[in-house]
Amino acid sequence: RETNSDTANYAISSQSLPSFTLEDSKRTPNVGSNFIRTFKGCMIDTYNLTMAEGEIAATEIGYRAQDVVYGSGTVTTVTARTAVPYTWSDIIVHLPSGTTLPNCTEFTLNINNNLEARFPLNGSRTIEVAIPQNRDYEVSATFLMDTLNAGSLYSNYFIDGNQFNAMTEINATAGSVYIIMSGCKIIDMEVPSPVEG
């Protein structure tokens with residue numbers, strides 16, 4: 001289960017998922033020829049956060065919308081962002097919690113709200129309501145294994161199946177983000193042995 005300390009969180013609100021409006025605009029030089037779609041009643045269905053060595057942290061979001069309205073008028077003005085994005089050097093992975101793993105090269109967090117779009121027999125093709133089902137969490141991490149963590153992760157948490165806590169800490173001038181997970185289990189662990197090098 002989740003505890004959300006940020007009431008503006010659109011992916012894992014602990015009560016009901018908030019809805020939002022999304023505008024997708026293509027501006028053209030000809031007056032009245034813009035291509036604007038306004039998606040109404042949007043809710044986050046899937047959320048993917050990827051942090052990889054040498055890269056900017058990236059988020060991919062999948063959503064369901066109740067309805068969409070097309071227009072060709074004025075495009076909503078967008079202000080250029082000034083905040084610096086999170087990068088790999090802002091990220092610390094703790095696994096188990098309290099044990100930092102500086103040799104983590106990639107970390108992904110996937111959240112799936114499993115939204116069910118209800119289309120009752122009411123003569124309409126518009127979604128009546130999107131209902132969040134059981135939420136799925138999946139974390140995937142890649143490490144350069146060494147003597148400090150290879151045996152511990154493999155024998156204690158993968159083979160023996162012990163649960164553990166984990167935390168991802170992101171600190172930057174834009175603000176801090178802490179993703180704290182408890183009751184974690186390693187269900188898949190690949191340790192490749194390439195015949196090369």
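All of these numbers come straight from a predicted model, not from anything done at the bench.
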Testing the 3.5 Å rule here: is there a donor-acceptor pair between the side chains of [X] and [Y]?
X    : Y    : answer
N114 : E116 : no
N165 : S182 : no
R27  : N34  : no
E23  : T76  : yes

Has [X] got a side-chain atom pairing as donor or acceptor with [Y]'s backbone, closer than 3.5 angstrom?
X    : Y    : answer
D45  : L115 : yes
N162 : N156 : yes
T21  : K40  : no

Q: Could you tell me whether F20 and F39 have their ring centroids closer than 6.0 angstrom?
A: no
Q) Is the count of non-hydrogen atoms from other residues, nucleotides or ligands lying under 6.0 Å from I56 atom CD1 greater than 12? A) no
Q: Please say whether more than 12 non-hydrogen atoms of neighbouring residues, nucleotides or ligands are located less than 6.0 Å from NZ in K26.
A: yes
For [X], all residues meeting side-chain hydrogen bond (donor to acceptor under 3.5 Å, both in side chains), sequence neighbours excluded:
X   : answer
R37 : D24
T79 : none
T50 : N48
E55 : none

Q: Just jot down the ring pair (Phe, Tyr, Trp, His ring centres under 6.0 Å) partners of Y157, sequence neighbours excluded, or say none.
A: F164
Q.
Applying ring pair (Phe, Tyr, Trp, His ring centres under 6.0 Å), can you list everything that pairs with F158, at least two apart in sequence or on another chain?
A. Y154
